[in-house]
Amino acid sequence: MCGLLRYEFCRLLRERSFRFMFGILLAFCVISALLPIVQYERMAAVWRELPHDADGNLLNNLSLTTYSLYNSWLGGLPTGVAPVIFYNLLPLVVAIPYASSAFEDLHSGYANVLIAQCGRRKYYLCRYVAVFVSGAVVILVPLLVNYALVACFIPARMPDSTENLYFQVYYDTLWGTLFYLKPWLYDILYLLLNALFAGVWATVPLACSLFLDSKLAITIVPFVGLTYLSYAAKQALVYRVWLTVAPVELIRPISVGDAENGWVLLAELVFTFAVTFSVVMVKGCRDDVL
Amino acid sequence: MMFYKFLRFDFKNGILHQWKTFACTGVLFFLGAALHCLTLRVLSITRPEYLQTPPTVGDYMITVFAGVRAHAAQEMGSSFEMPFLWLFYLCWILFTVLRYPLEELAGVGKHLLVLSRSRTHWWCSKCIWVCASTTFTFAAALLGMALCGVCFGARPSLQVSGYIPTLLNFTSEHMAPEPWDISLLLLANLALLIAAGLVQLTLSLYIKQLYSYLFVVGYLLAGTYLPNKPLLSSYMMGARSSIFLQPGNDPLVGIAAALWLGCISVAIGWYRFSYYDILDVLN
């Protein structure tokens, strides 16, 4: 089992699409870190020209707390096109690195060789774990790099709840209270949540590869389906319950639209995990390899 | 004559044999529009004044094509909400024209190309196929929405009712005078979708199909947030169109931009395909 898992991870690191997607996302996150840094440096240059007291503090109240790491990293940015693209394309992006390799293995017959050597259950379990990790890593590492890069230049000033408009974290945001007490913990929790969602969603194409006959379809159809369901769920609840239900909106560390409920996201994650895991383990183990 | 045979082959394999895709499109958009009925039912109780005149088929269609108003993200106190139905519509139609050309080239298309000895014929045929397939998918989507509207008692008209801008959150102080006819907006959508499909086809000669899809969707998605003119998706949204707003994006400018983009893509793709390695397709 450990040997197979190690082999899967070695394959993952050698996978061209994984490295390509990882590189693209890393570049995207670095560039989107540079923009707020440049903006902040410009503001800091202006502040240096303003009058200071004997202790070096600015005499004018400039609401410095609104210029903070917590609303400048990619997840916390309340404005800007980068987070909109990143989070809305996340379900498509996490499917690219490794999920389709299972499809290739199944159709090339390579999976049969591995199944003959270690058994179906172990093969599909290892494959599931590797795909989960590929999705989580490809999102988590670039986000961490973005966070670290922004932290190097923009101070982590404690956010003030009276200026919540600049952070877009409200009382009805998931862990909203925590944000104004321990913002670093809030960000860590959201980074982990993003990685968890990315990992779980990456396994959807893996489950689809047991049903669909096209590599493109297994990658794109779940993404398109999620977009459709996000609209449908929102529309079905409208005027009844004012809740954010789209997972790509719920995993953003800022509030997008209506109130957020952690149980909704948890239910979505558990449901997706349960369906994909059972499909992969049950259907994968039952299918005739010949 | 040979070009005609190429075209006939593509229409037979890429359109007639893909009837399931068009049917699926019709059903999906029928269901998408049906969700508007839920809203109408609520409105009939909470805001009966909105529905003094029966809704039109255009009302059902604009729920898909509305998108999001310009500068929605820059307004203080309101967060940017992604127009998921609009995004779905784009992603679905671009997906339907993604697969066929290169998959055909990886299979029987290679033999056709060798036998015909004309890469230009193959390329032109595929470009026409993208135009035709997009048109059919778009028509299937419109048909699905129109059917849904008619089933739920909507008037068969492309004029949009007065309550729609408020309902879809794009009302403004500078609204164009009624009636709002969306036929030109639909035409602009079709033209821009064809252009996006052609860009996607050309890009897939340089990078993998999946990445070309990702690039085109990302480009169109950026237009939801940024109201910049070079992001052509702005011309696809009713919420930013001069049909509803003054000043707004003129659909005719969108059509002209689509023509320009489509022609550039075809030319670049034709040049690229003239030395494209057909032995290594899809790798």
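Using a 4.5 Å heavy-atom cutoff, the side chains of Leu216(A) and Tyr213(B) are not in contact. By the 4.5 Å heavy-atom criterion applied to side chains, Ser230(A) and Met82(B) are not counted as neighbours. With contacts defined as side-chain heavy-atom distances shorter than 4.5 Å, the pair Leu210(B)/Met21(A) does not qualify. In this structure the side chain of Thr224(B) never reaches within 4.5 angstrom of the side chain of Asn88(A), judged on heavy atoms. Between Tyr228(A) and Trp92(B), every side-chain heavy-atom pair lies at or beyond the 4.5 Å cut-off.
Neither the backbone nor the side chain of Thr244(A) comes within contact range of chain B; no heavy atom of the residue lies under 4.5 Å from a heavy atom of that chain. With a 4.5 Å cut-off on non-hydrogen atoms, Ala82(A) does not touch chain B at all. Of the atoms belonging to Leu92(A), it is side-chain heavy atoms, and not backbone ones, that fall under 4.5 Å from chain B.
Annotation: the span from Ile24(A) atom CD1 to Leu214(B) atom CG amounts to 8.0 Å, rounded to 0.5 Å. From Leu89(A), atom CG reaches atom CG of Leu87(B) across 7.5 Å, with rounding to the nearest 0.5 Å. In this structure, the separation between OG1 on Thr63(B) and CD on Gln235(A) is 8.0 Å, given to the nearest 0.5 Å. Here Thr79(A) contributes atom OG1 and Tyr225(B) contributes atom OH; the two are 4.5 Å apart, rounded to the nearest 0.5 Å.
By the side-chain contact (heavy atoms from CB on, under 4.5 Å) test, Ala232(A) is found to be paired with Leu35(B), residues two or more places apart in sequence or in another chain being considered. Scanning for side-chain contact (heavy atoms from CB on, under 4.5 Å) contacts around Pro142(A) gives Phe22(A), Leu25(A), Leu26(A), Cys29(A), with sequence neighbours left out. Legend: residues meeting side-chain contact (heavy atoms from CB on, under 4.5 Å) with Asp105(A), ordered by chain and number and at least two apart, are Arg11(A), Tyr110(A), Ala111(A), Tyr123(A), Arg127(A).
No more than 12 heavy atoms of other residues, nucleotides or ligands sit less than 6.0 Å from atom CZ of Phe271(A). For Phe211(A), the CZ atom sits in a packed shell: over 12 heavy atoms of surrounding residues, nucleotides or ligands are nearer than 6.0 Å. Within a 6.0 Å radius of OH in Tyr40(A), other residues, nucleotides and ligands contribute more than 12 heavy atoms. Residue-environment remark: CZ (Phe215(B)) stays at or below the threshold of 12 foreign heavy atoms within 6.0 Å. The local environment of CD in Gln39(A) is sparse, with at most 12 non-hydrogen atoms from other residues, nucleotides or ligands closer than 6.0 Å.
Interface residues of residues 20-33 of chain B toward chain A, defined by a heavy-atom distance below 4.5 Å and sorted by number: Leu28(B), Leu31(B), Gly32(B).
Nearest approach of Thr227(A) to Phe88(B), heavy atoms of both residues: CG2-N, 3.7 Å. When all heavy atoms of Gly218(B) and Ile85(A) are compared, the pair lying nearest together is O-CD1, 4.1 Å. Across all non-hydrogen atoms, the minimal contact from Leu38(B) to Ala236(A) is CD1-CA, 4.0 Å. Residues Phe95(B) and Ala217(A) share a closest heavy-atom pair of CZ-CA, 3.8 Å.
Most heavy-atom pairs under 4.5 Å with chain B: of the set Val84(A), Ile220(A), Val224(A), this distinction falls to Ile220(A).
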